[in-house]
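See below for the structure under consideration.
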Amino acid sequence: MRPDAPNVPAHFIEQIIQEDLASGKHKRIHTRFPPEPNGYLHIGHAKAICLSFGLAEKYNGSVNLRFDDTNPEKENQEYVDAIRRDVQWLGYHWNGGEFYTSDYFETLFQYASILIKKGKAYVDHQNPETIAEQKGTPTAPGTNSPHRERSPEENLQLFEEMRAGVHPDGHCVLRAKIDMTHPNMHMRDPVIYRIKRAHHHRTGNDWCIYPMYDFAHGQSDSIEGITHSLCTLEFEVHRPLYDWFIQELEIFPSRQIEFARLNLDHTVMSKRKLLRLVEDGVVDGWDDPRMPTISGLRRRGFTPESIRTFCDRVGIAKRENVIDFSLLEWALRDHLNRVALRAMAVLDPIKLVVVNYPEGQTEMLPSENNPEDPEAGVRMMPFSRELWMERGDFREEANKKWFRLAPGKTVRLKSAFIVRYVNHTVDAQGNVNEVHVEYFPDSRSGSDTSGIKAKGTLHWVNAATALDAEVRLYDRLFADPTPDGHADREFTEFLNPDSLEVRTHCKLEPSLGEAPGETPYQFTRLGYFSLDSEKSKAAGHPVWNRSVTLKDGWKG
RNA sequence: UGCCCCAUGGUGUAAUGGUAGCACACCGGUUUUUGGUACCGUUUGUCAAGGUUCGAGUCCUUGUGGGGCAACCA
């Protein structure tokens, strides 16, 4: 999809496009991304975005951003703004333009009138329950409405009365006249217009009737000259209706093609369920770093590149799928490993005292900013007698497989010196307090003439100049791989109680004090982190989010 | 007792009638001043039964399994 993307074989939709281009059916392709502005975009939308935008990019076509805003009760401007921001952040531009289904309300009204005149639509005065009953079931045919045979003239007048506000909400609907015995439920005289006196975020109170999805979507595609209208599998059964309207109205034949939606394990993906997590206060808003929303992933420290790579990797097919969360993590690590600056931070600090290092002395030691990128340069780190080290890097008893500090062990302090265990102190509870080591002056990093070999390398932070920070560690939001896959249990029952761990008084190397907002860092040996600017502002001290851990290959 | 879609290692996805490949995960090794990265390697798969064909993951039939469809939601 991207110019720098690996050469992946063409999936079935791309093959259709290639054929349409080769046969001359279309000179140029035109796609669209059509979200309803009733919630925030999530990683599943990212797949759809990468598909429709990516295809347009690759084949020099156009792509529209269209807000499918036919249900004013659920939609608002906040969501429109969030969606625009998220698509842009992913790195895409709607070169075909920005549209709203509400732009077409007048045209759609005229289309409906055409159908009425052709005797292909009628006004039904029955209540929703009766209409539902007459619809039949998937295994039993429906029956005709008593209003089905009204004349086009009467229907036209009634429909115009509906628009004019003569009838109260729910008093009647406009229905397409197709076939109440059709094996496809969607073809059994679907409702195409309803009366709803609701304030629309764009058209205000201009309308009191609104078209249904099926009567708006295909026509909107057609009006915009969309050649390939890509959507998820659940709309497959709508396609005959989509085509029926286009045929009856004799308008540009857009083609709907369906693909399988993305499912990620250990999370939920429906807007309804995500909304519930937000409303119940289970998470810190739509952009909580644990949410699978684009805004949540952004705050978590994901990069647009990593999300696009992820979407490339999951592929496009018609088979139901559940993608491992670890694939998303892999995509992030893959990108961040190449670009993230390295820095040292100690999340669970204990004191490390270099007993033979002169008191009051400090020296500056260079450390590379990114071993994967020599051009990233080096920075100077202060080193002195008292340092912070990670509690987990010391054990009072250890075997041969333990490369870190313990009685009798020797390790290198990253970018500094090799040190050897001397002794350690414990507090009243028996917790290790301080670890004392001696250093070898001739083992200085870069000019080591000591000849000493140390198997382990530890990160550290100079105590006197360390910055205090809060660091938030995240884990899967749900403990179960498929929280909404249990018929008899609520998805909320599977929430992971340990999905957020807040660490305070973490020690950061001083260079992190100047960290610009969005820059991703790798805290050496710990993972990738990014500053949470808004949280920091609110808390009055730096708050960092762990985006993802480093792969931990140690099985000790 | 309907209609539609789908079925390839643990996961995802290729092979378009001609050697079942790739990625992630897993496991093992080499390198390493990150138990990271990089590099190398091992293990693991065509839902079933018939049929067509010189040849079937691919085409046909019948099963089996999974998903979707009965909002005045999208």
Side-chain angles (χ1 to χ4, degrees), chain A residues 6 8-12 15 34-36 38 68-71 73-75 101 124 127-128 131-133 135-142 169-175 182-188 190-196 209-210 212-214 216-217 231 233-240 258 260 265 271-272 310 312-324 326-331 333-334 337-338 342 344 367-368 371-372 401-404 411-416 418 443 445-446 448 454-459 522-527 549-556:
Chain A
V8 287
H11 51 69
F12 77 102
Q15 288 178 29
E36 180 186 15
N38 70 339
D68 210 352
D69 54 352
T70 59
N71 187 3
E73 285 170 340
K74 292 185 174 173
E75 301 150 4
T101 303
D124 196 338
N127 61 40
I131 289 177
E133 257 170 52
K135 206 144 224 177
T137 69
T139 55
D169 285 15
H171 186 246
C172 51
V173 293
L174 185 69
R175 291 228 259 166
H182 198 106
N184 182 338
M185 297 290 290
H186 294 277
M187 299 296 274
R188 322 241 265 224
V191 172
I192 59 178
Y193 262 95
R194 77 279 212 189
I195 304 172
K196 183 178 284 201
I209 58 172
Y210 293 94
M212 301 288 291
Y213 165 85
D214 283 308
H217 204 96
C231 64
L233 246 28
E234 66 267 30
F235 292 102
E236 207 156 28
V237 284
H238 292 248
R239 181 158 25 99
E258 310 86 13
D265 66 4
K271 281 184 191 170
R272 206 196 88 239
F310 170 75
D312 283 342
R313 294 305 171 115
V314 300
I316 299 293
K318 296 189 77 162
R319 177 155 50 128
E320 296 291 333
N321 60 79
V322 182
I323 308 289
D324 291 350
S326 56
L327 187 65
L328 226 200
E329 296 182 321
W330 167 82
R333 289 192 191 105
D334 180 61
N337 177 52
R338 283 178 278 128
R342 272 57 171 177
M344 293 211 246
S367 187
E368 50 192 350
E372 307 294 316
K401 287 186 174 171
W402 181 256
F403 297 169
R404 312 176 192 180
V411 299
R412 172 172 291 281
L413 298 180
K414 170 82 178 166
S415 300
I418 292 177
S443 68
S445 191
D448 184 351
K455 274 203 137 171
T457 301
L458 306 189
H459 60 279
Q522 182 195 108
F523 289 175
T524 301
R525 298 210 302 136
L526 296 176
T549 61
L550 250 31
K551 193 166 127 187
D552 188 3
W554 186 55
K555 303 289 185 261

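In what follows, chains carry the letters A, B, and so on, assigned in the order in which the sequence lines appear, proteins first and then strands, with residues in each chain numbered from 1. Any value given below was found using the heavy atoms of this structure, including those in side chains, with hydrogens, waters and symmetry copies removed.
The heavy-atom pair separating A/Glu258 from A/Phe12 by the smallest distance is O-CZ, 3.3 Å.
Among the nucleotides B/U33, B/C5, B/U13, the one closest to the side chain of A/Glu236 is B/C5.
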Expected rows: protein N/O vs nucleotides 22-24 of chain B N/O, under 3.5 Å:
residue, atom, partner, partner atom, Å
B/A23, O2', A/Arg313, NH1, 2.8

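The shortest distance between side-chain heavy atoms of A/Thr457 and A/Arg525 does not fall below 4.5 Å. A/Met185 places none of its side-chain heavy atoms less than 4.5 Å from the side chain of A/Thr137. When side chains are defined from C-beta on, A/Met212 does not count as touching A/Pro190, because their heavy atoms never get closer than 4.5 Å. Between A/Ile323 and A/Leu328 the shortest side-chain heavy-atom distance does not fall below 4.5 Å. Within the 4.5 Å cutoff, the side chain of A/Arg313 has heavy atoms near those of the A/Trp330 side chain. Looking at heavy atoms from C-beta onward, A/Ile131 lies in side-chain contact with A/Arg175 at the 4.5 angstrom threshold. Taking 4.5 Å as the limit, every side-chain heavy atom of A/Leu526 sits out of range of all side-chain heavy atoms of A/Leu550. For the pair A/Lys455/A/Lys401, no side-chain contact is recorded, criterion being any heavy-atom separation below 4.5 Å from C-beta on.
In this structure, A/Arg404 is positioned above the aromatic face of A/Trp402, its NZ or CZ under 6.0 Å from the six-membered ring centre and within 45° of the axis.
Note: CD (A/Glu329) to P (B/C26) measures 11 Å, nearest angstrom. In this structure, NZ of A/Lys318 is placed 18 Å from P of B/G12, rounded to the nearest angstrom. The distance from atom NE2 of A/His11 to atom P of B/G12 is 18 Å, rounded to the nearest whole Å. Across the protein-nucleic acid pair, A/Glu368 atom CD and B/U32 atom P stand 15 Å apart, rounded to whole Å. The interatomic distance linking A/Asp265 (CG) with B/G12 (P) rounds to 10 Å, in whole Å. Put simply, CG on A/Leu328 is 15 Å from P on B/G12, counting in whole angstrom units.
Comparing B/G10 with B/C5, their C1' atoms are spaced 25 Å from each other, to the whole Å. On the P atoms, B/G12 is 16 Å away from B/U46, given to the nearest whole Å. Across B/C22 and B/U61, the matching P atoms stand 34 Å from one another, rounded to whole Å. Nucleotides B/A74 and B/A25, compared at atom C1', are 36 Å apart to the nearest Å. Rounded to whole Å, the separation between the P atoms of B/G67 and B/C73 comes to 27 Å. As rounded to the nearest Å, B/G21 and B/G55 have P atoms that lie 23 Å from one another. B/G41 and B/C47: their C1' atoms are spaced 31 Å apart (whole Å). Going from the C1' atom of B/A48 to that of B/U11 covers 23 Å, rounded to whole Å.
The residues A/Glu36 and A/Lys74 are annotated as not salt-bridged, no charged nitrogen and carboxylate oxygen being separated by less than 4.0 angstrom.
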What is the per-nucleotide protein-contact pattern of nucleotides 69-74 of chain B, from the 5' end, where B denotes a base atom under 4.0 Å from a protein heavy atom, S denotes such proximity for sugar-phosphate atoms only, and - denotes neither? SBSBSB

What one-letter contact string describes nucleotides 34-46 of chain B from 5' to 3', where B marks a base within less than 4.0 Å of any protein heavy atom, S marks contact via sugar-phosphate atoms alone, and - marks no contact? BBBS---------

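Nucleic acid contact for A/Gly142: none, since no nucleic acid atom lies under 4.0 Å from a heavy atom of the residue.
When the ring pair (Phe, Tyr, Trp, His ring centres under 6.0 Å) test is applied to A/His186, the partners found at least two apart in sequence or on another chain are A/His238. Shown here are the salt bridge (Lys or Arg N to Asp or Glu O under 4.0 Å) partners of A/Glu234, two or more places apart in sequence or in another chain: A/Arg261.
Look at B/A20: its glycosidic torsion is beyond 90° from 0, and that puts it in the anti range.
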Derivation of the side-chain contact (heavy atoms from CB on, under 4.5 Å) call for A/Asp169 and A/Arg194: CA-CA 8 Å; A/Asp169 285 15; A/Arg194 77 279 212 189; over 6 Å; no

Go through it in stages, so that I can follow the logic: the residues are A/Leu233 and A/Glu320, the test is side-chain contact (heavy atoms from CB on, under 4.5 Å), and I'd like the CA-CA distance, side-chain angles, deciding distance and then a yes or no. CA-CA 9 Å; A/Leu233 246 28; A/Glu320 296 291 333; 3.9 Å; yes

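Paired regions of RNA chain B, where each region holds three or more successive Watson-Crick or G-U pairs whose two hydrogen-bonding distances fall under 3.5 Å, are B:2-7 with B:64-69, B:10-13 with B:21-24, B:27-30 with B:38-41, B:47-51 with B:59-63.
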